[in-house]
Protein chains: 2
Amino acid sequence: MAVDQLDVVFGALADPTRRAILTRLTHGEATVAELVAPFEVSQPAISRHLKVLERAGLISRTRRATARLSHLEAEPLRQATVWLAGYREYWEESYERLDELLAAMQDDETGRNTS
Amino acid sequence: MAVDQLDVVFGALADPTRRAILTRLTHGEATVAELVAPFEVSQPAISRHLKVLERAGLISRTRRATARLSHLEAEPLRQATVWLAGYREYWEESYERLDELLAAMQDDETGRNTS
DNA sequence: ACTTTCTAGAACAGAAAGGTTATAGAGTCG
DNA sequence: CGACTCTATAACCTTTCTGTTCTAGAAAGT
(Lines give C-alpha, C1' and ligand atoms only; values in the text may rest on other atoms or scores of the structure.)
Protein backbone atom coordinates (compact mmCIF):
# COMPACT_ATOMS: atom_id res chain seq x y z
CA MET A 1 0.00 0.00 0.00
CA ALA A 2 1.21 3.48 0.73
CA VAL A 3 4.79 4.18 1.65
CA ASP A 4 4.77 6.18 4.85
CA GLN A 5 1.05 6.47 5.35
CA LEU A 6 0.44 9.71 7.16
CA ASP A 7 3.25 11.63 5.47
CA VAL A 8 2.16 10.64 2.02
CA VAL A 9 -1.56 10.73 2.74
CA PHE A 10 -1.57 14.21 4.26
CA GLY A 11 0.82 15.31 1.55
CA ALA A 12 -1.58 14.06 -1.10
CA LEU A 13 -4.50 15.80 0.58
CA ALA A 14 -2.61 19.09 0.73
CA ASP A 15 -3.25 19.77 -2.94
CA PRO A 16 -6.65 21.17 -3.96
CA THR A 17 -6.63 19.51 -7.37
CA ARG A 18 -6.05 16.14 -5.77
CA ARG A 19 -8.82 16.70 -3.24
CA ALA A 20 -11.11 17.65 -6.11
CA ILE A 21 -10.16 14.45 -7.90
CA LEU A 22 -11.05 12.43 -4.83
CA THR A 23 -14.36 14.23 -4.59
CA ARG A 24 -15.04 13.51 -8.24
CA LEU A 25 -14.28 9.85 -7.64
CA THR A 26 -16.94 9.64 -4.95
CA HIS A 27 -19.36 9.89 -7.89
CA GLY A 28 -17.83 6.78 -9.36
CA GLU A 29 -14.80 5.57 -11.25
CA ALA A 30 -13.36 7.79 -13.94
CA THR A 31 -10.84 7.70 -16.76
CA VAL A 32 -7.87 10.03 -16.88
CA ALA A 33 -9.50 11.99 -19.69
CA GLU A 34 -12.62 12.46 -17.60
CA LEU A 35 -10.54 13.71 -14.72
CA VAL A 36 -8.63 16.12 -16.92
CA ALA A 37 -11.74 17.78 -18.34
CA PRO A 38 -12.89 19.80 -15.31
CA PHE A 39 -9.44 21.23 -14.61
CA GLU A 40 -7.32 23.73 -16.43
CA VAL A 41 -4.19 21.69 -16.28
CA SER A 42 -2.62 19.35 -18.78
CA GLN A 43 -3.21 15.63 -18.97
CA PRO A 44 0.32 14.79 -17.84
CA ALA A 45 -0.24 16.93 -14.77
CA ILE A 46 -3.35 14.95 -13.88
CA SER A 47 -1.53 11.69 -14.51
CA ARG A 48 1.05 12.76 -11.99
CA HIS A 49 -1.56 13.72 -9.45
CA LEU A 50 -3.09 10.30 -9.90
CA LYS A 51 0.30 8.76 -9.33
CA VAL A 52 0.60 10.66 -6.06
CA LEU A 53 -2.86 9.55 -4.98
CA GLU A 54 -2.09 5.97 -5.90
CA ARG A 55 1.17 6.07 -3.98
CA ALA A 56 -0.80 7.26 -0.96
CA GLY A 57 -3.16 4.35 -1.43
CA LEU A 58 -6.05 6.76 -1.93
CA ILE A 59 -6.97 5.34 -5.30
CA SER A 60 -6.58 2.06 -7.15
CA ARG A 61 -6.59 1.64 -10.89
CA THR A 62 -8.02 -0.83 -13.36
CA ARG A 63 -8.27 -0.97 -17.09
CA ARG A 64 -11.15 -0.73 -19.51
CA ALA A 65 -10.14 -0.95 -23.15
CA THR A 66 -7.33 1.54 -23.61
CA ALA A 67 -8.47 3.67 -20.73
CA ARG A 68 -7.38 3.42 -17.12
CA LEU A 69 -10.04 3.82 -14.47
CA SER A 70 -9.37 5.33 -11.07
CA HIS A 71 -11.29 4.16 -8.03
CA LEU A 72 -11.47 5.77 -4.62
CA GLU A 73 -9.81 3.76 -1.89
CA ALA A 74 -10.80 5.36 1.36
CA GLU A 75 -8.84 3.27 3.82
CA PRO A 76 -6.05 5.88 4.08
CA LEU A 77 -8.69 8.52 4.71
CA ARG A 78 -9.94 6.41 7.55
CA GLN A 79 -6.44 6.14 9.00
CA ALA A 80 -5.95 9.87 8.73
CA THR A 81 -9.24 10.31 10.54
CA VAL A 82 -8.08 8.01 13.29
CA TRP A 83 -4.93 10.03 13.71
CA LEU A 84 -6.88 13.25 13.92
CA ALA A 85 -9.29 11.65 16.35
CA GLY A 86 -6.41 11.36 18.79
CA TYR A 87 -6.80 15.08 19.34
CA ARG A 88 -10.52 14.84 19.90
CA GLU A 89 -10.31 15.77 23.56
CA TYR A 90 -8.70 19.07 22.68
CA TRP A 91 -11.79 20.30 20.95
CA GLU A 92 -14.41 18.69 23.12
CA GLU A 93 -16.53 21.79 22.92
CA SER A 94 -16.84 21.47 19.18
CA TYR A 95 -16.94 17.70 19.29
CA GLU A 96 -20.65 17.64 19.74
CA ARG A 97 -21.00 19.87 16.74
CA LEU A 98 -18.97 17.33 14.79
CA ASP A 99 -21.21 14.55 15.98
CA GLU A 100 -24.19 16.46 14.73
CA LEU A 101 -22.49 17.07 11.44
CA LEU A 102 -21.61 13.45 11.01
CA ALA A 103 -25.14 12.41 11.85
CA ALA A 104 -26.60 14.93 9.45
CA MET A 105 -24.37 13.84 6.63
CA GLN A 106 -25.31 10.25 7.19
CA ASP A 107 -28.77 10.92 5.78
CA ASP A 108 -27.93 13.78 3.56
CA GLU A 109 -26.29 13.03 0.26
CA THR A 110 -25.64 16.71 -0.35
CA GLY A 111 -23.56 17.01 2.75
CA ARG A 112 -20.52 15.86 0.86
CA ASN A 113 -17.58 18.12 0.56
CA THR A 114 -16.72 19.62 -2.81
CA SER A 115 -13.23 20.95 -2.48
CA MET B 1 -7.15 32.34 11.27
CA ALA B 2 -5.60 30.14 8.67
CA VAL B 3 -5.17 31.25 5.10
CA ASP B 4 -6.67 28.57 2.92
CA GLN B 5 -7.64 26.13 5.60
CA LEU B 6 -7.46 22.68 4.12
CA ASP B 7 -4.48 23.38 1.88
CA VAL B 8 -2.43 24.81 4.67
CA VAL B 9 -3.69 22.45 7.36
CA PHE B 10 -3.05 19.27 5.41
CA GLY B 11 0.23 20.73 4.25
CA ALA B 12 1.24 21.34 7.85
CA LEU B 13 0.23 17.82 8.84
CA ALA B 14 2.26 16.31 6.01
CA ASP B 15 5.50 16.81 7.91
CA PRO B 16 6.41 14.28 10.62
CA THR B 17 8.31 16.79 12.72
CA ARG B 18 5.30 19.07 12.81
CA ARG B 19 2.98 16.20 13.72
CA ALA B 20 5.38 15.29 16.51
CA ILE B 21 5.32 18.87 17.72
CA LEU B 22 1.54 18.79 17.83
CA THR B 23 1.65 15.55 19.75
CA ARG B 24 4.11 17.05 22.19
CA LEU B 25 1.79 20.01 22.67
CA THR B 26 -1.03 17.74 23.73
CA HIS B 27 1.02 17.30 26.89
CA GLY B 28 0.86 21.01 27.48
CA GLU B 29 2.34 24.27 26.29
CA ALA B 30 6.04 24.35 25.50
CA THR B 31 8.81 26.82 24.75
CA VAL B 32 10.75 26.73 21.51
CA ALA B 33 13.77 25.38 23.35
CA GLU B 34 11.70 22.56 24.79
CA LEU B 35 10.43 21.71 21.35
CA VAL B 36 13.93 21.72 19.88
CA ALA B 37 15.34 19.29 22.43
CA PRO B 38 13.74 16.04 21.23
CA PHE B 39 14.64 16.60 17.60
CA GLU B 40 17.90 16.56 15.76
CA VAL B 41 17.31 19.76 13.91
CA SER B 42 18.41 23.31 14.61
CA GLN B 43 16.41 25.84 16.58
CA PRO B 44 15.70 28.01 13.53
CA ALA B 45 14.26 24.98 11.78
CA ILE B 46 11.84 24.41 14.66
CA SER B 47 10.94 28.07 14.70
CA ARG B 48 9.95 27.80 11.08
CA HIS B 49 7.90 24.68 11.69
CA LEU B 50 6.10 26.60 14.40
CA LYS B 51 5.47 29.39 11.96
CA VAL B 52 3.89 26.93 9.54
CA LEU B 53 1.72 25.48 12.30
CA GLU B 54 0.68 28.94 13.42
CA ARG B 55 -0.20 29.92 9.88
CA ALA B 56 -2.41 26.85 9.68
CA GLY B 57 -4.07 27.92 12.89
CA LEU B 58 -2.91 24.73 14.57
CA ILE B 59 -1.09 26.55 17.36
CA SER B 60 -1.27 29.90 19.09
CA ARG B 61 1.56 31.58 20.92
CA THR B 62 1.98 33.55 24.09
CA ARG B 63 4.90 34.89 26.02
CA ARG B 64 6.44 33.97 29.36
CA ALA B 65 9.49 35.96 30.30
CA THR B 66 11.79 35.81 27.29
CA ALA B 67 10.33 32.55 26.10
CA ARG B 68 7.45 32.06 23.69
CA LEU B 69 4.96 29.36 24.51
CA SER B 70 3.14 27.34 21.89
CA HIS B 71 -0.36 26.07 22.53
CA LEU B 72 -2.32 23.51 20.57
CA GLU B 73 -5.31 24.94 18.75
CA ALA B 74 -7.29 22.00 17.49
CA GLU B 75 -10.06 23.73 15.59
CA PRO B 76 -8.32 23.19 12.23
CA LEU B 77 -7.92 19.52 13.11
CA ARG B 78 -11.64 19.38 13.66
CA GLN B 79 -12.27 20.96 10.28
CA ALA B 80 -9.92 18.52 8.60
CA THR B 81 -11.83 15.72 10.31
CA VAL B 82 -15.09 17.09 9.01
CA TRP B 83 -13.72 17.11 5.48
CA LEU B 84 -12.53 13.54 5.83
CA ALA B 85 -15.88 12.57 7.30
CA GLY B 86 -17.45 13.42 3.97
CA TYR B 87 -15.95 10.18 2.70
CA ARG B 88 -17.28 8.16 5.57
CA GLU B 89 -19.71 6.21 3.45
CA TYR B 90 -16.87 4.91 1.31
CA TRP B 91 -15.45 2.94 4.15
CA GLU B 92 -18.59 1.90 5.90
CA GLU B 93 -17.16 -1.50 6.58
CA SER B 94 -14.32 -0.03 8.61
CA TYR B 95 -16.49 2.71 9.99
CA GLU B 96 -17.64 0.58 12.86
CA ARG B 97 -14.07 -0.16 13.69
CA LEU B 98 -13.44 3.57 13.82
CA ASP B 99 -16.37 4.01 16.14
CA GLU B 100 -14.92 1.42 18.43
CA LEU B 101 -11.57 3.10 18.30
CA LEU B 102 -13.01 6.48 19.10
CA ALA B 103 -14.98 5.04 21.97
CA ALA B 104 -11.93 3.26 23.30
CA MET B 105 -9.78 6.35 23.13
CA GLN B 106 -12.40 8.32 24.95
CA ASP B 107 -11.61 6.46 28.16
CA ASP B 108 -8.05 5.58 27.45
CA GLU B 109 -5.43 8.24 27.95
CA THR B 110 -2.78 6.05 26.33
CA GLY B 111 -4.69 5.81 23.13
CA ARG B 112 -3.17 9.00 21.88
CA ASN B 113 -1.09 9.03 18.76
CA THR B 114 2.67 9.46 19.02
CA SER B 115 3.86 10.31 15.56
C1' DA C 1 22.11 50.24 31.96
C1' DC C 2 24.36 45.97 30.92
C1' DT C 3 24.37 41.27 30.30
C1' DT C 4 22.30 37.18 29.52
C1' DT C 5 18.85 34.26 27.59
C1' DC C 6 15.67 32.86 24.21
C1' DT C 7 13.72 33.31 19.68
C1' DA C 8 13.38 35.21 14.98
C1' DG C 9 15.29 36.55 10.66
C1' DA C 10 18.70 36.79 6.76
C1' DA C 11 21.25 34.46 3.39
C1' DC C 12 22.33 30.41 1.21
C1' DA C 13 22.02 25.44 -0.62
C1' DG C 14 19.89 21.29 -2.11
C1' DA C 15 15.82 18.63 -2.87
C1' DA C 16 11.11 18.20 -4.01
C1' DA C 17 6.70 19.82 -5.99
C1' DG C 18 3.92 21.17 -9.76
C1' DG C 19 3.41 22.67 -14.35
C1' DT C 20 4.50 22.56 -19.48
C1' DT C 21 5.43 20.46 -24.21
C1' DA C 22 6.87 16.73 -26.89
C1' DT C 23 7.13 11.93 -27.39
C1' DA C 24 6.88 7.06 -26.40
C1' DG C 25 4.13 3.06 -25.26
C1' DA C 26 0.20 0.01 -24.43
C1' DG C 27 -3.99 -1.72 -25.85
C1' DT C 28 -8.11 -1.84 -29.24
C1' DC C 29 -10.46 -2.29 -33.13
C1' DG C 30 -11.27 -2.37 -38.12
C1' DC D 1 -1.15 -5.78 -39.03
C1' DG D 2 -2.06 -0.98 -39.04
C1' DA D 3 -4.07 3.01 -37.45
C1' DC D 4 -6.00 5.16 -33.69
C1' DT D 5 -6.96 6.23 -28.85
C1' DC D 6 -5.67 6.95 -24.30
C1' DT D 7 -2.18 7.41 -20.85
C1' DA D 8 2.59 7.58 -19.15
C1' DT D 9 7.31 9.25 -19.41
C1' DA D 10 11.07 12.36 -20.49
C1' DA D 11 13.17 16.71 -20.25
C1' DC D 12 12.95 21.11 -18.63
C1' DC D 13 11.64 25.20 -15.82
C1' DT D 14 10.17 27.71 -11.77
C1' DT D 15 8.70 27.89 -7.14
C1' DT D 16 8.41 26.13 -2.65
C1' DC D 17 10.19 23.49 1.22
C1' DT D 18 13.49 22.12 4.66
C1' DG D 19 17.62 22.64 6.64
C1' DT D 20 22.00 25.13 7.77
C1' DT D 21 24.91 28.92 9.95
C1' DC D 22 25.36 33.39 11.43
C1' DT D 23 23.41 37.43 13.34
C1' DA D 24 19.90 40.57 15.08
C1' DG D 25 16.37 41.61 18.41
C1' DA D 26 13.34 41.45 22.45
C1' DA D 27 12.56 40.77 27.25
C1' DA D 28 14.33 39.79 32.01
C1' DG D 29 17.32 39.80 35.65
C1' DT D 30 21.14 41.77 38.33
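Below, chains carry the letters A, B, ... as their sequence lines are ordered, and counting in each starts from 1.
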Specify the separation, in whole Å, of atom [atom1] of [X] and atom [atom2] of [N].
X       : N      : atom1 : atom2 : value
A:Leu53 : D:dA8  : CG    : P     : 12 Å
A:Leu69 : C:dG27 : CG    : P     : 14 Å
A:Leu50 : D:dC6  : CG    : C1'   : 13 Å
B:Ile46 : D:dC17 : CD1   : C1'   : 15 Å

* **Proximity to DNA chain D (any heavy atom under 4.0 Å), residues of residues 29-37 of chain B only** =>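 Hits under 4.0 Å, by residue number: none.
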Under 3.5 Å, which donor-acceptor pairs do the side chains of residues 56-63 of chain A form with other protein atoms, sequence neighbours left out?
unit_1, atom_1, unit_2, atom_2, d
A:Ser60, OG, A:Glu73, OE2, 3.0
A:Thr62, OG1, A:His71, NE2, 2.6

* Does A:Lys51 make a side-chain N or O approach to OP1 or OP2 of D:dT9 shorter than 4.0 Å? ->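 Answer is yes, contact under 4.0 Å.
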* To do: Would you tell me if any nitrogen or oxygen in the side chain of B:Arg68 comes within less than 4.0 Å of OP1 or OP2 on C:dC6?
  =>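 Answer no for this pair, as no side-chain N or O of B:Arg68 is under 4.0 Å from OP1 or OP2.
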State which residues pass side chain to side chain donor-acceptor pair (under 3.5 Å) with [X]; sequence neighbours excluded, sorted by chain then number.
X       : value
A:Glu34 : none
A:Arg18 : A:His49
B:Ser47 : B:Gln43

* **Nearest non-hydrogen partners of B:Trp83 and B:Leu6, listed with the distance** =>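 Scanning both residues completely, I find the closest heavy atoms to be CD1-CD1, 3.3 Å.
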* Test side-chain contact (heavy atoms from CB on, under 4.5 Å) applied to A:Ala37 - qualifying residues, sequence neighbours left out ->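 In terms of side-chain contact (heavy atoms from CB on, under 4.5 Å), with neighbours along the sequence ignored, A:Ala37 is linked to no residue.
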* **Under the side-chain contact (heavy atoms from CB on, under 4.5 Å) test, residues paired with B:Ala33 that sit two or more places apart** =>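 For B:Ala33 the side-chain contact (heavy atoms from CB on, under 4.5 Å) partners, ignoring immediate neighbours, are B:Thr31.
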* **Spatial distance of atom CG (A:Leu35) from atom CG (A:Leu25) [nearest 0.5 Å]** =>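 The distance works out to 5.5 Å.
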* Would you give a per-nucleotide map of nucleotides 18-30 of chain D, 5' to 3', where B means the base has a protein non-hydrogen atom under 4.0 Å away, S means only the sugar-phosphate does, and - means neither? => BBBBB----BS--
